[in-house]
Protein chains: 2
Amino acid sequence: MGDQQFKSTVELTLKVIGGKWKPVILCHLTDGVKRFGELKRDMPEITQKMLTQQLRELEQDEVIHRKVYTQVPPKVEYSLTDHGQTIKEVLDVMALWGQGHLERRRG
Amino acid sequence: MGDQQFKSTVELTLKVIGGKWKPVILCHLTDGVKRFGELKRDMPEITQKMLTQQLRELEQDEVIHRKVYTQVPPKVEYSLTDHGQTIKEVLDVMALWGQGHLERRRG
DNA sequence: CAGGATCCGAACCGATACTG
DNA sequence: CAGTATCGGTTCGGATCCTG
């Protein structure tokens, strides 16, 4: 992989799964299918607006799937796509590095 | 690793190496020691202000080292710390995932 | 229940000018 | 050469209110 391409793919990855909320959302979705309200309960700090917005973007990037049940009251389920599943290892590596970083700054 | 801890270490990693410029800067520093002006030339799109700012933050997080030569004209060299070297694999994994993401959206 | 719409402050980022 | 200082635009994020 060329140097320029390396940089741009790293940037692309951060555009798709970076930012304040997306990694957290993705972590929760690694547990399996979740409803909107469940995700909201899992992340009390996030606002409804942000949650909706970030979910839409993840959906556009085909990282998560949005399944709408046409019923009253509404029900919407979110889950990782097959492609989205592959993000787990990226999150794992990031978690490991963060872990090492923490320990290093303490000891 | 607990679920909460997993999330927070992922977030920590993104705080340290995430954002618009840091990954690019780190990519360039994987080549070895670079002077300020070299980095600036490597990244024509970044402003001097942003480059300085991001370098300071990376230095504070002990990811890069800043060596000042007290001379005229000034000379400052930046390099990855030993700890910073460990970021390479994180960048690698992100680059790989981005690569796959690209190919998937084309095919 | 799962959102859409609106308003507003904060943070991010860039352009420019200046300096030891 | 390697910055610092200042200003202004844009984007991000949160609070609040409204709806099928």
Side-chain angles (χ1 to χ4, degrees), chain A residues 7-8 10-29 31-61 64-80, chain B residues 7-8 10-29 31-61 64-80:
Chain A
K7 281 179 288 177
S8 58
V10 169
E11 291 178 85
L12 175 61
T13 300
L14 284 174
K15 279 190 71 166
V16 175
I17 69 165
K20 186 171 178 181
W21 297 115
K22 285 176 184 172
V24 186
I25 294 172
L26 291 170
C27 282
H28 284 292
L29 286 178
D31 294 344
V33 179
K34 296 253 181 151
R35 293 185 59 171
F36 183 86
E38 272 182 281
L39 285 171
K40 183 70 188 70
R41 271 191 300 281
D42 288 343
M43 297 178 276
E45 341 77 63
I46 198 174
T47 61
Q48 212 168 28
K49 171 190 164 184
M50 280 295 117
L51 182 53
T52 303
Q53 185 179 305
Q54 305 296 304
L55 286 169
R56 288 292 183 283
E57 293 181 15
L58 289 169
E59 190 193 356
Q60 282 214 338
D61 287 325
I64 67 173
H65 178 68
R66 179 169 180 262
K67 179 164 187 181
V68 183
Y69 294 83
T70 353
Q71 63 178 45
V72 180
K75 176 179 172 183
V76 180
E77 283 179 349
Y78 293 93
S79 56
L80 294 179
Chain B
K7 280 179 289 176
S8 55
V10 169
E11 291 178 83
L12 175 61
T13 300
L14 284 174
K15 278 190 73 167
V16 176
I17 70 166
K20 186 172 178 181
W21 297 115
K22 285 176 184 173
V24 187
I25 294 172
L26 291 171
C27 283
H28 284 293
L29 285 179
D31 294 344
V33 181
K34 297 252 182 153
R35 294 185 59 171
F36 184 86
E38 274 183 280
L39 286 170
K40 182 70 189 71
R41 271 191 300 281
D42 288 342
M43 297 177 275
E45 342 77 64
I46 199 175
T47 61
Q48 212 168 26
K49 172 189 161 183
M50 279 290 115
L51 182 53
T52 302
Q53 186 179 307
Q54 305 296 304
L55 286 169
R56 288 292 184 282
E57 293 181 17
L58 288 169
E59 190 193 356
Q60 282 214 337
D61 287 324
I64 66 173
H65 178 67
R66 180 168 180 261
K67 178 165 187 182
V68 183
Y69 294 84
T70 355
Q71 61 177 47
V72 181
K75 177 178 171 183
V76 180
E77 283 179 348
Y78 293 92
S79 56
L80 294 179

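The model shown is predicted, which means the values in this text are computed figures rather than measured ones. Side chains are part of it too, since the values below use all heavy atoms of this structure and drop only hydrogens, waters and symmetry mates. The sequence lines fix the lettering, A, B, ..., with proteins before strands; numbering per chain opens at 1.
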Distance, nearest 0.5 Å, that separates [atom1] of [X] from [atom2] of [Y]:
X: Gln53(A); Y: Glu57(A); atom1: CD; atom2: CD; answer: 5.5 Å
X: Gln60(B); Y: Leu55(B); atom1: CD; atom2: CG; answer: 12.5 Å
X: Leu80(A); Y: Leu29(A); atom1: CG; atom2: CG; answer: 5.0 Å
X: Asp61(B); Y: Lys22(B); atom1: CG; atom2: NZ; answer: 6.0 Å

Output the rounded distance in Å from [atom1] ([X]) to [atom2] ([N]).
X: Asp42(A); N: dA2(C); atom1: CG; atom2: P; result: 12 Å
X: Arg66(A); N: dC1(C); atom1: CZ; atom2: P; result: 16 Å
X: Trp21(B); N: dC13(C); atom1: CH2; atom2: C1'; result: 9 Å
X: Lys49(B); N: dT16(C); atom1: NZ; atom2: C1'; result: 11 Å
X: Glu57(B); N: dA11(C); atom1: CD; atom2: C1'; result: 12 Å
X: Leu55(B); N: dC1(D); atom1: CG; atom2: C1'; result: 14 Å
X: Ile46(B); N: dC12(C); atom1: CD1; atom2: P; result: 14 Å
X: Leu51(B); N: dA15(C); atom1: CG; atom2: C1'; result: 16 Å

* When all nucleic acid strands are considered with a 4.0 Å heavy-atom cut-off, which category describes Tyr69(A): base, sugar-phosphate, or nothing? -> nothing
Of all the nucleotides listed ([options]), which has the minimum atom distance to the side chain of [X]?
X: Phe36(A); options: dG3(C), dT4(D), dA15(C); value: dG3(C)
X: Tyr78(B); options: dC13(C), dG4(C), dG3(D); value: dG3(D)
X: Pro74(A); options: dG4(C), dC1(C), dG13(D); value: dC1(C)
X: Thr52(A); options: dG14(C), dT4(D), dG4(C); value: dG4(C)

* Asked: Taking side chain as C-beta onward, heavy atoms only, is Val10(A) less than 4.5 Å from Val24(B)?
  ->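 No; the side chains remain at least 4.5 Å from each other.
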* To do: Side-chain contact test, heavy atoms from C-beta onward, threshold under 4.5 Å: evaluate it for Leu58(A) versus Leu26(A) and give yes or no.
  =>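 Yes, close enough: below the 4.5 Å cut-off.
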* Asked: For Lys20(A) and Gln48(A), take the nucleotide of DNA chain D holding the closest heavy atom to each; which residue's nucleotide lies nearer the 5' end?
  -> Lys20(A)
* Asked: Just to confirm, is there a sub-4.0 Å distance from OP1 or OP2 of dA2(D) to any side-chain nitrogen or oxygen of Arg56(B)?
  -> no
* Asked: Would you say dA2(D) has OP1 or OP2 under 4.0 Å from some side-chain N or O of Arg35(B)?
  -> yes
* To do: Keeping to residues at least two apart or across chains, list the salt bridge (charged side-chain N to carboxylate O under 4.0 Å, His left out) pairs with something in residues 35-52 of chain B.
  =>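 Passing the test, one end in residues 35-52 of chain B: Lys34(B)-Asp42(B).
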* Estimated bend of the helix from dC1(C)-dG20(D) to dG20(C)-dC1(D) (axis per five terminal pairs, rounded to 10 degrees) -> 50°
